[in-house]
Amino acid sequence: MRNLSAKLLAILLGLAPQIQVQADASEPVLLIHGGAGTLSRDEMTLERETEFRRGLMRALQKGYRVLDGGGTAVDAVSAAIVSMEDDPLFNAGRGAVFTGGGRNEMDAAIMDGETRAAGAVAGVRLVKNPILLAMAVMQDSPHVLLTGNGAEEFALARGIELRPPEYFRTEARWKQLMRRLESTAERAPTPDRVGTVGAVALDRHGRLAAGTSTGGMTGKRWGRVGDSPIIGAGTYAANPECAVSATGHGEYFIRAVVAYDICARVRYQGLEPEQAARQVILDDLVKMGGDGGVIVLGGDGEFSTIFNTNGMYRGVIDGPNRARVAIYLDETL
Ligand code: ASP
């Protein structure tokens, strides 16, 4: 409500020409996630928990530096995501989960809420930071979604950093694949995929942006692509309503068109983003049998994290020295 009340006040005081000035002065916000799933205190060591909290804090600081310096929401989202892609703890970039064939195939998307420009990549294997490639697709190509070898040819042409397959490999993710291959269950237990990363931001000029990056689900086959790079499913931003990044079992998020549905409820029904996210995740998705969550940010700076699992790596920063992170369901940001 902050921008709105500033505008109303300006109108009441006859200061209409200053409305833009008021909006420009709005406090930036950055909200991030590092995946949702079965995250119980019993299965977590203090050391590991501390590492996750540090990784989230680092991403918040990197992204907020951009916003604080007057940078755009899109640049802040990408800076926060790059930080988590470079961190082997998260299932994105270095540390991505393995496919059934023992490879890392990564997906990412970014969307500018102000212009509704979007870029995405799917099934890339050698791109150090898939979010930067998604950004290049958005800013430097006539397309929205590039896949596989073609996306990597484009990366090469645009000077995007590539790395050999070993760079992405971590022992922990390899062991997860081994467990997955030994298991007879069709689907891996949720901890095997937790770690997808995402960010939503509001900059000083009131622009929203959203981005998501993932290695997908452990043991995936046949070039499977999840919701993260699908605009409207795992990633969506539209000013002035909302910006959304999702994490969870992608097949459900695609069919429920989760990110777009949340923003559409805000736009057409006038719901608050949190209310819209609750309906979509806790009513619709649950009924369909899906699990996961979203981070949602409104054009007025109100944010929320909604998930139907017992944990979600998450964090927010809405002012200098105002960064907070959380993991478990019973924690608040
Ligand atoms: N949504 C991602 C996918 O289905 C995975 C996740 O967020 O955990 O590929």
Side-chain angles (χ1 to χ4, degrees), residues 31-39 52 55-56 59 81 84-85 87 89-93 95-100 103-111 120-125 130-131 134 145 147-148 168 172-173 176-177 180 186-200 210-236 244-262 277 280-281 285 288-296 305-314 327:
L31 178 66
I32 61 171
H33 72 78
T38 313
L39 299 169
F52 269 108
L56 291 168
I81 291 181
M84 292 186 281
E85 285 177 339
D87 188 334
L89 278 182
F90 297 101
N91 172 19
V97 299
F98 284 94
T99 66
R103 302 199 306 210
N104 304 108
E105 290 178 0
M106 299 163 287
D107 308 330
I110 194 156
M111 184 162 185
V121 293
V124 294
R125 287 183 273 142
I131 197 70
L145 174 60
T147 66
F168 301 93
R173 295 296 185 198
Q176 277 178 1
L177 175 64
R180 174 75 186 92
E186 180 47 35
R187 218 182 110 197
T190 42
D192 277 5
R193 63 133 212 268
V194 172
T196 288
V197 305
V200 290
T212 313
S213 181
T214 188
M217 295 176 81
T218 301
K220 64 185 182 180
R221 293 180 289 176
W222 306 313
R224 179 263 186 192
V225 174
D227 59 310
S228 310
I230 307 297
I231 298 300
T235 308
Y236 193 74
V244 179
S245 171
T247 174
H249 196 157
E251 279 68 9
Y252 292 87
F253 282 71
I254 292 172
R255 287 185 286 129
V257 203
V258 164
Y260 176 75
D261 194 11
I262 292 171
V280 173
I281 299 295
L285 203 75
M288 289 170 71
D291 66 78
V294 287
I295 53 172
V296 190
T305 61
I306 305 289
F307 46 97
N308 69 357
T309 53
N310 63 2
M312 181 195 228
Y313 298 111
R314 57 203 190 278
I327 298 178

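Remember, it's 1-based here, ligands and their atoms both numbered in the order they're listed. None of these values were measured; they are calculated from a predicted model. Positions are given from 1, in the same order as the sequence printed here.
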*Beyond-backbone contact of Phe253 with Ile281, side-chain heavy atoms, under 4.5 angstrom*: yes
*Where's the contact between Thr247 and ligand 1, heavy-atom distance under 4.0 Å: side chain, backbone, both or neither?*
both
*With a 4.0 Å cut-off on heavy atoms, is Gly248 touching ligand 1?*
yes
*Sub-4.0 Å heavy-atom approach of Glu251 to ligand 1*: no
*Begin from the C-alpha positions of His33 and Thr305 and carry the test side-chain hydrogen bond (donor to acceptor under 3.5 Å, both in side chains) through to its verdict.*
CA-CA 9 Å; His33 72 78; Thr305 61; over 6 Å; no
*Should the ring pair Tyr260 and Tyr236 be called parallel, tilted or perpendicular, given that the plane angle runs from 0 to 90° and is split at 30 and 60?*
perpendicular
*For Gly250 and ligand 1, does the shortest N/O to N/O distance drop below 3.5 Å?*
yes
*Any sub-3.5 Å donor-acceptor pair from Asn91's side-chain atoms to Gly215's backbone N or O?*
yes
*Could you tell me the residue and atom name of the protein heavy atom closest to atom 4 (O) of ligand 1, and the distance to it rounded to 0.1 Å?*
Arg224 NH2, 2.8 Å
*May I ask you to check if ligand 1 and Thr196 share an N or O to N or O distance below 3.5 Å?*
yes
_Candidate pair Arg224 and Glu251, rule salt bridge (Lys or Arg N to Asp or Glu O under 4.0 Å), full reasoning_ = CA-CA 10 Å; Arg224 179 263 186 192; Glu251 279 68 9; 2.8 Å; yes
*So, Asn310 side chain and Leu39 main chain: donor-acceptor pair closer than 3.5 Å or not?*
yes
_Can you name the atoms of ligand 1, numbered from 1 with element, that are less than 4.0 Å from a heavy atom of Gly216?_
9 (O)
*Between Thr196 and Thr214, does any side-chain donor sit less than 3.5 Å from a side-chain acceptor?*
yes
_Shortest reach to atom 3 (C) of ligand 1 by a heavy atom, considering only Asp107, Thr212, Asp291, Asp227_ = Asp227
_N or O contact, His249 vs ligand 1, cut-off under 3.5 Å_ = no
*Report the part of Lys220 in contact with ligand 1, treating N, CA, C, O as backbone and CB onward as side chain, heavy atoms under 4.0 Å; options are side chain, backbone, both, neither.*
neither
